[in-house]
Peer 1: 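Below is one structure. I have some questions about it.
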Amino acid sequence: MVDHNTVEKINKLEHEYLKTNNAHIIDKIEALFQELTYQIWDTKANIQFIENPNGLYDFKESDEYKNKFGSKNAFSKYHLVVPLLLYLFINHNKEQSALETSLSFMSVSKDFLKHGDFAKTKTGAQRFVTNTRFASQILRDFGFLRSDKDHFYKYWSLSPFGILLAGQLYFDLRDSYSLNFFNQLSWQSSNVESRKIILEFLDRILSRKSIEPILKEIMEEEVIVEHLNLTRQKFIQFVNIIRGVLNEGYKPNNQNTQQLISYINSINSDKELSSFADSIILKKEININIADAYRILGLD
């Protein structure tokens, strides 16, 4: 049987938290949520309730809740690609599991999230966490996330190429041109627009006389000196491959995508490049509030 006192305690703590923003109250609420879950399970066991995955439970508030907590009232995986790229750049070398990273990313983004982001999907995870995982896969598919044997799905760490793209984004986000650029984008077609963003900034990198300026802004000097030539040659080759894929979409049966997959596999087996990725230390003065990224991207 569900104890109405448990519900009353949760409601009381909710009001208290909204007034005080005391983090300890969240722990109490979470414990009560778990208690309530067990009470619901107990009720189901008592009445021998068997869930019907196709069942339709009709009550007057149904449509209202579906709209409030549905996927349309949440950030899609495409919306999260660039913010996640920036988050991983800001938190480079922070050793966390993929789940811990997604939860930390959600925590710093919470002020901008919608009700649908907090809803649980069929996987049992909150939608924002699930969509963040999908966004990470997009980054991995395009070679911006390391997918060598030590990082494949276990940890989310930007590849050297991902760091260069994120570094270009990071510094350009703060100038007026970028503000106008992002605000002009329509996020109604977010898959297309996320590709536009990446293409725009890859082109900016290639349009520089060299990639040294962006390297010097984001990396420690000794790392640049040791690996600069290796990075320059392979990054330019990488950009030329990836632009074709971005223009036509990631389609595993297409020649451009197959070439990209083959190139990423060669990167993952390149011990010299892997050593370079391990040695990258970003400059300590890099600091940006993820909230600013959301505002600039028009996602707040």
Side-chain angles (χ1 to χ4, degrees), residues 76-86 88-89 98 130-169 172 181-182 185-211 214-215 227-278 280 297:
S76 73
K77 61 182 179 181
Y78 300 114
H79 286 120
L80 298 178
V81 168
V82 176
L84 178 60
L85 181 75
L86 288 170
L88 294 173
F89 176 72
T130 299
N131 284 343
T132 296
R133 284 184 173 273
F134 289 145
S136 75
Q137 184 59 51
I138 293 174
L139 290 175
R140 182 178 286 107
D141 285 344
F142 285 103
F144 298 125
L145 204 62
R146 291 184 68 179
S147 54
D148 50 80
K149 64 178 182 179
D150 293 329
H151 292 80
F152 191 66
Y153 292 118
K154 297 177 182 178
Y155 303 97
W156 295 347
S157 178
L158 293 180
S159 69
F161 306 142
I163 289 171
L164 287 170
L165 173 62
Q168 178 73 62
L169 273 162
D172 282 0
F181 170 73
F182 280 112
L185 289 178
S186 167
W187 285 91
Q188 299 303 312
S189 179
S190 51
N191 182 14
V192 174
E193 301 305 344
S194 62
R195 292 205 305 268
K196 279 186 180 180
I197 290 175
I198 293 173
L199 276 170
E200 166 78 13
F201 282 87
L202 287 175
D203 285 344
R204 287 199 205 181
I205 293 172
L206 288 182
S207 68
R208 293 173 180 263
K209 292 181 179 179
S210 65
I211 63 172
I214 192 67
L215 285 172
H227 296 283
L228 181 57
N229 289 330
L230 170 72
T231 309
R232 182 195 299 113
Q233 295 164 5
K234 295 201 172 186
F235 186 69
I236 290 174
Q237 183 182 1
F238 169 73
V239 171
N240 287 328
I241 294 173
I242 203 173
R243 290 190 79 263
V245 178
L246 286 169
N247 280 321
E248 64 182 26
Y250 189 92
K251 302 173 183 177
N253 293 328
N254 284 17
Q255 183 177 353
N256 283 337
T257 303
Q258 290 177 352
Q259 186 180 8
L260 174 63
I261 292 172
S262 175
Y263 187 70
I264 292 173
N265 287 337
S266 71
I267 290 172
N268 291 335
S269 61
D270 188 329
K271 292 183 179 179
E272 188 176 0
L273 195 60
S274 178
S275 175
F276 171 44
D278 289 335
I280 292 175
L297 291 166

Peer 1: Looking at Q258, I want to see if its CD is surrounded by more than 12 non-hydrogen atoms of other residues, nucleotides or ligands under 6.0 Å.
Peer 2: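 Yes - once you tally the heavy atoms of other residues, nucleotides and ligands closer than 6.0 Å, there are more than 12.
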Peer 1: Indicate yes or no: at least one non-hydrogen side-chain atom of V81 is less than 4.5 angstrom from one of L85.
Peer 2: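 V81 does not reach L85 side chain to side chain.
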Peer 1: Is any side-chain heavy atom of L246 less than 4.5 Å from a side-chain heavy atom of F142?
Peer 2: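 Side chain of L246 against side chain of F142, heavy atoms only: contact under 4.5 Å found.
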Peer 1: To the nearest 0.5 Å, what is the distance between CG on D278 and OG on S157?
Peer 2: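 D278 CG to S157 OG: 8.0 Å, rounded to 0.5 Å.
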Peer 1: Would you call V245 and D141 a side-chain contact if the rule is heavy atoms closer than 4.5 Å?
Peer 2: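 The answer is no; the side chains never approach within 4.5 Å.
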Peer 1: Between F144 and F238, is the ring centroid distance below 6.0 Å?
Peer 2: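 Here the rings of F238 and F144 have centres that are less than 6.0 Å from each other.
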Peer 1: Taking atom CG of L139 and atom CG of L88, what is their separation to the nearest 0.5 Å?
Peer 2: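 It is 7.0 Å, given to the nearest 0.5 Å.
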Peer 1: Work out which heavy atom in G167 is nearest to a heavy atom in F89; give both atom names and the distance.
Peer 2: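 Taking G167 first and F89 second, the nearest heavy atoms are CA-CZ, 3.7 Å.
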Peer 1: Taking side chain as C-beta onward, heavy atoms only, is I241 less than 4.5 Å from N256?
Peer 2: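 I241 vs N256: side chains apart.
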Peer 1: Of all heavy-atom pairs between I264 and S147, which one has the smallest distance, and what is that distance?
Peer 2: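 So the minimum-distance heavy-atom pair works out to CG2-OG, 4.0 Å.
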Peer 1: Do Y250 and I138 pass the side-chain contact (heavy atoms from CB on, under 4.5 Å) test, and can you show the C-alpha distance, the side-chain angles, and the key distance before you say yes or no?
Peer 2: CA-CA 9 Å; Y250 189 92; I138 293 174; over 6 Å; no
Peer 1: Suppose we screen for ring-ring contact (aromatic ring centres under 6.0 Å, His included). Which residues come up paired with Y155, at least two apart in sequence or across chains?
Peer 2: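 Listed in chain order: nothing, the list is empty.
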Peer 1: Please assess I242 against Y263 for the test side-chain contact (heavy atoms from CB on, under 4.5 Å), listing each intermediate value before the final yes or no.
Peer 2: CA-CA 10 Å; I242 203 173; Y263 187 70; over 6 Å; no
Peer 1: How close do R146 and S159 get, heavy atom to heavy atom, and via which atoms?
Peer 2: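 Of all heavy-atom pairs spanning R146 and S159, the closest is CG-CA, 3.5 Å.
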Peer 1: What heavy-atom pair brings L84 and T132 nearest, and what distance separates the two atoms?
Peer 2: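 Here L84 and T132 meet closest at CD2-O, 3.8 Å.
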Peer 1: Return the minimal non-hydrogen interatomic distance between N254 and E248, and the atom names on each side.
Peer 2: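 Here N254 and E248 meet closest at ND2-OE2, 3.3 Å.
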Peer 1: To the closest 0.5 Å, what do you measure between NZ (K77) and OG1 (T130)?
Peer 2: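 Between atom NZ of K77 and atom OG1 of T130 there are 12.0 Å.
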Peer 1: Without swapping roles, check the side chain of S136 against the backbone of R133 for a donor-acceptor pair under 3.5 Å.
Peer 2: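 Yes.
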